[in-house]
Amino acid sequence: MTTPSSSAALPGKVYLVGAGPGAADLITVRGARLLAQADVVLHDALVEPEMLALCPQAKRVAVGKRCGKHSSAQHFINKQLIDHARTHALVVRLKGGDPMLFGRADEELRALEAAGIDVEVVPGITAALASAATLGRSLTLRGVARSVAFATQSRAADSAQISAQASADSLVYYMGRDAAQRIAAELIGQGKPRSTPVAIVEAATTARERRARLSLGALADGLAAPWFDASQPSVLLIGEVFADARADDIATPVADLPRAAA
C-alpha cells in the first residue's frame, strides 16, 4: 500500500486507525507508519500517551468520547475531520481498539464520503481479543465454546437484547461496568447458571491492567461493584472458557461453585 506524503495534493485523505486496546506496541505496523506521517491526528480520550508519542510532528486534537463524561459531539468530530482533510494531506482519526466495533466509524465514513473526502480504515486489536489474551483463555474452545457474541451495555440493560445474547457460549460486554449487576441478573433469568464463570479485565494491556474472576451469581449479587475503578475502561467476559482464567482478585463464593454429583 502506498500512502500520501504531507506534500501530496490537497484535499487530503483520512485514515480511521485502530489504536488497539492500550499498549502502544500493539498498534499495527501500518497504523504506526501513518501516525509517523500524519499532519493531524484526532484521537480518542482513552488513547495512551505512549501512542501519541508516535506522532510528535502532528497537530493532535483530543475528540474523545467517554460514557457518562463530557464528550465531543459526533457531528462536531465529523466536521473537524472534513475541515482538516481540506487543509492537510494526511489526517488520522485514531480510535481505541478497532474502528469497526462500537467505534461509530460508520458515521464518520459516511460524513467523509458525502463530503468527497477519500477515507480508509486501518483495523486494530479490539479489547475482547486483548482481554482473552491476558486472561490466557481463548474465546473459543473445542467442545466448550463454538459461538461468541460482542455486546455493549453502556446504558441500562435491555431484556430483549440480553435474551438474544444469552445463547452465545462466550459473551463479551464492552462498557458494561455500570450495568454489570443487571446484565448478570438478566442472564440468570434467561437460564444461564449462577455458576457460569465471569472474568473482568480493566485497562487491558496497560500498566494499570487488573483482572478479576468470579461467578455470574456473584456478579448479580454485586460482589464486583466495589472492585471496579470507574476511571478505567473494563470488559466483562462470560462463559465456561473462563473457568480458570488468570486473575488477580475476587474468588467465586463457595455457594456458587458447581456441586459434585451425588
Side-chain angles (χ1 to χ4, degrees), residues 1 3 14-38 40-58 60-67 90-105 108-109 119-141 148-152 154 170-177 199-213 228-229 231-237 239 241-242 245-248:
M1 183 193 78
T3 57
V14 175
Y15 292 85
L16 306 188
V17 176
D25 57 356
L26 285 179
I27 193 172
T28 64
V29 173
R30 182 183 297 181
R33 185 188 306 128
L34 289 167
L35 282 179
Q37 297 174 345
V40 182
V41 175
L42 290 84
H43 62 87
D44 280 354
L46 293 176
V47 170
E48 295 289 311
E50 292 79 10
M51 185 75 68
L52 296 178
L54 299 177
C55 53
Q57 80 298 332
R60 287 170 281 182
V61 182
V63 291
K65 300 183 76 63
R66 295 291 305 274
C67 180
L90 200 161
V91 177
V92 168
R93 172 68 173 101
L94 189 61
K95 303 173 79 69
D98 182 276
M100 307 305 276
L101 188 65
F102 305 131
R104 301 184 74 166
E108 294 173 2
L109 285 167
V119 58
E120 180 178 326
V121 178
V122 179
I125 299 172
T126 187
L129 304 184
S131 296
T134 196
L135 290 167
R137 291 298 175 266
S138 172
L139 293 171
T140 56
L141 178 64
V148 181
F150 294 165
T152 178
S154 56
S170 296
L171 181 53
V172 182
Y173 282 98
Y174 290 70
M175 298 172 281
R177 179 186 62 241
I200 306 170
V201 180
E202 282 190 347
T205 76
T206 72
R208 304 179 305 283
E209 179 185 290
R210 295 194 305 155
R211 301 167 300 205
R213 180 162 50 87
F228 282 113
D229 182 345
S231 69
Q232 301 299 327
S234 59
V235 178
L236 307 178
L237 303 99
V241 295
F242 305 111
R246 298 169 184 163
D248 309 308

Could you state the interatomic distance from [atom1] ([X]) to [atom2] ([Y]), rounded to the nearest 0.5 Å?
X	Y	atom1	atom2	result
M51	L35	CE	CG	7.5 Å
Q37	C55	CD	SG	12.0 Å
F242	L135	CZ	CG	6.5 Å
L54	I27	CG	CD1	6.5 Å
Q232	L46	CD	CG	8.5 Å
S131	I200	OG	CD1	11.0 Å

Is there a side-chain contact between [X] and [Y], using heavy atoms and a 4.5 Å cut-off?
X	Y	result
V119	L16	yes
L42	V91	yes
V241	T140	no
V121	M100	yes

Next item on the list: Please assess L94 against L52 for the test side-chain contact (heavy atoms from CB on, under 4.5 Å), listing each intermediate value before the final yes or no.
Entry: CA-CA 9 Å; L94 189 61; L52 296 178; 4.2 Å; yes
Closest non-hydrogen atom pair between [X] and [Y], with its separation:
X	Y	result
A128	L237	O-CD2, 4.2 Å
A53	P56	O-CD, 3.3 Å
F102	A151	CZ-C, 3.6 Å
A23	T205	N-OG1, 3.0 Å
L34	V122	CD1-CG2, 3.6 Å
A212	A247	C-CB, 4.0 Å

- Report the residues that fulfil salt bridge (charged side-chain N to carboxylate O under 4.0 Å, His left out) with R211, sequence neighbours left out, ordered by chain and then residue number.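 R211 satisfies salt bridge (charged side-chain N to carboxylate O under 4.0 Å, His left out) with E209, D248 only.
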Return yes if some donor-acceptor pair links the side-chain N/O of [X] with the main-chain N/O of [Y] below 3.5 Å, else return no.
X	Y	answer
Q57	A36	yes
K95	V17	no
S170	L139	yes
T206	A203	yes

Legend entry - Pair listing, salt bridge (Lys or Arg N to Asp or Glu O under 4.0 Å) test, anchored in residues 123-138, at least two apart: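 For residues 123-138: R137-D244.
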inquiry  = One thing to verify: whether R177 and E202 come together as a salt bridge, which I'm taking to mean a side-chain N less than 4.0 angstrom from a carboxylate O.
reply    =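 So E202 does not pair with R177 through a salt bridge.
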_Can you tell whether the side chains of D229 and R208 come within less than 4.0 Å, N to carboxylate O?_
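Looking at D229 and R208, the cut-off is not met.
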If we ignore angles and hydrogens, is there a donor and acceptor under 3.5 Å between the side chains of T126 and Y174? yes
Ring pair (Phe, Tyr, Trp, His ring centres under 6.0 Å) filter on F150, not counting sequence neighbours, yields none
*asked:* Evaluate D98 against I125 for side-chain contact (heavy atoms from CB on, under 4.5 Å), listing each step before the verdict.
replied: CA-CA 6 Å; D98 182 276; I125 299 172; over 6 Å; no
Note to self: Could you go through V235 and Y173, starting from their C-alpha distance and side-chain angles, then the distance that decides it, and tell me whether this counts as side-chain contact (heavy atoms from CB on, under 4.5 Å)?
What the structure shows: CA-CA 6 Å; V235 178; Y173 282 98; over 6 Å; no
